[in-house]
Amino acid sequence: MSTVIEQSHSTASCEAAVEAFMERVIAQNPGEKLFHQAVREGVRSVMPIVLANPIYRQHQILERMVVPDRVISFRVTWVDDRGQVQVNRGYRVQMNGAIGPYKGGLRFHPSVNVGTLKFLAFEQVLKNSLTTLPMGGAKGGSDFDPHGKSDGEIMRFCQSFMNELYQYIGPDIDVPAGDIGVGAREVGYLYGQYRKLTRRFNGVLTGKGINWGGSFLRPEATGYGAVYFAQEMLATRDLEIAGKVAAVSGSGNVAQYTAEKLIQLGAKVITLSDSDGTIVDMDGINEEKLAWVMELKNVRRGRIREYADKFKGAQFLPGKRPWGVPCDLAFPSATQNELDGPDARALVQNGCICVSEGANMPSTPEAIEVFLENKILYGPGKAANAGGVAVSGLEMSQNASCMRRSREEIDAQLRKIMKSIHDNCVKYGAEDGDGGCCKPKGFVNYLNGANVAGFIKVADAMVQQGVY
Ligand code: NDP
Ligand code: 2IT
């Protein structure tokens, strides 16, 4: 009885501390709703640790972690194919460098603003800490919309973007990579301009081409990693991927390689999507159909609705997301807040047992509550999608040592890292307290586990490095 009272008292004081903390964060970062959402989610998990460890309070660790080390903001001017001058905003948010050089992707999407990038950079700090590799957290990008632009326009934009960014990055300073709207083509143009400006060939970007410093498996790493993470979660309940029906959202880099690995492991992938809607193929998207999607998306840069014209059994649901389609496994792999409370309830009611987030913060707070209440396997993005940045970290170390590992070696390392992230989430997120065991008896709150494990490493590094 007394334990229960003590616990509920401490839960209440934790909640009060979170609310007081969030009040300040909201006042200091007005209007940045995605940043507030990401911070609240992280702080709710770590507040018990902060309250129990005076050293973190004494060093104001949480207060420091929500203020970026620096935010760089600049104008990007370029000329479109009609000869008209265009102006965009460019940014780099260097959030926290306590455990390594700043690391994180660049996003080109019209919705990008400082608040979006602060949310992504905050997530990246905890995610990079989880990977076991020495990387700080950053994110950057622009409100530039690559949709419908010619290769020449993309190239001129990337060159102008790099004309500013190059001053702030370097292989031991800050190492950008891809994210939404930034893939192999954009990284190529960015790298070319960096070389032109600096006369240096080094590992300043990851996701580079395989013949000029790129790592095997970087394109595949986020999607493959999200599936490996799901495999680990399923194994705690003696379940496996083979024979399961999977819903995947998005049809970009992460979605494509999530689907590829799921197919290889014997799952039936029945959906893909983009911002226009969802395709449902109850026969399953097999390897040939996926190869067609990759050509459609990566070469012709078309829309996913064309899938339903090409493959007659398939249906296109305009304006819809995949979550109403019955499935065992869900892989949200498009964007933030793409899966809300009603979507989560539909998934659970239809028998979904596992959600592994390829995207960053794709589930709303209400959706997460539904997953946790129903005790399904829920792998938050900062754990489940960390395979991408982990292989970026391996690309950095290959560049630094002027060598290249084989595809098989990188795949083995990726699997090992995803298992270690999983086991760390279990260690800090197992609700029955049997932390340290990767096959827990009780429910694992992977969200708490990921936030706490990621936080402790960064917090301790900050304490050890003093008040800087
Ligand atoms: P891509 O640009 O390759 O693909 C993005 C996909 O998501 C497209 O299908 C796009 O459709 C869709 N999408 C984007 N915005 C929206 C929106 N507002 N509503 C609906 N659909 C949308 O990006 P990635 O695959 O690289 O990134 C997907 C997610 O994974 C992002 O959350 C990213 O932060 C995260 N991530 C990416 C990593 C990587 O290595 N690339 C690593 C870890 C996480 P449309 O063409 O219609 O815009
Ligand atoms: O969100 C992410 O982890 C990424 N976009 C990948 C970052 C990276 O540096 O590889």
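Just so it is clear, the values below take in all heavy atoms, side chains as well, and ignore hydrogens, waters and symmetry mates. Counting convention: from 1, in listed order, for ligands and their atoms alike.
Between D423 and K427, none of the side-chain N atoms (NZ, or NE/NH1/NH2) sits under 4.0 Å from a carboxylate O, so this pair counts as no salt bridge. Salt-bridge check for R156 with D81: passed, with a basic side-chain N closer than 4.0 Å to an acidic carboxylate O. Remark: R345 engages E366 in a salt bridge, criterion side-chain N to carboxylate O under 4.0 Å.
Using a 4.5 Å cut-off on side-chain heavy atoms (C-beta onward), E338 and W323 make contact. When side chains are defined from C-beta on, M162 does not count as touching Q159, because their heavy atoms never get closer than 4.5 Å.
Inclusion of G178 in the set of residues having an N or O under 3.5 Å from an N or O of ligand 2 is warranted.
Partner of P68 under the side-chain contact (heavy atoms from CB on, under 4.5 Å) criterion, out of I72, V66, V71: V71 alone.
Closest heavy-atom approach to atom 3 (O) of ligand 2 within the set M396, K127, M135: this belongs to K127. Between the choices A177, A334, P110, A359, the shortest heavy-atom distance to atom 28 (C) of ligand 1 belongs to A334. Counting heavy atoms only, H147 comes closest to atom 46 (O) of ligand 1 of the residues H147, R218, E186, M361.
Neither the backbone nor the side chain of E123 has a heavy atom within less than 4.0 Å of ligand 2. Residue contacts with ligand 1 for S273 involve N, CA, C or O but no side-chain atom from C-beta outward (heavy atoms, distance under 4.0 Å). If you look at V391 next to ligand 2, there are no close heavy atoms at all, none under 4.0 Å. Contact annotation: for S333 versus ligand 1, heavy atoms closer than 4.0 Å belong to the backbone alone. Residue contacts with ligand 2 for R218 involve side-chain atoms from C-beta outward but no N, CA, C or O (heavy atoms, distance under 4.0 Å).
G252 CA, 3.3 Å is the protein heavy atom nearest to atom 4 (O) of ligand 1. Among protein heavy atoms, the minimum distance from atom 18 (N) of ligand 1 is reached at T335 CG2, 3.7 Å.
In this structure, R321 has no heavy atom closer than 4.0 Å to ligand 1.
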**Q.** ring pair (Phe, Tyr, Trp, His ring centres under 6.0 Å) assessment of F144 paired with F161
**A.** CA-CA 10 Å; F144 173 73; F161 186 84; 9.2 Å; no
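Numbered from 1 in the order shown, with element, the atoms of ligand 2 that lie under 4.0 Å from a heavy atom of A177 read 8 (C), 9 (O), 10 (O).
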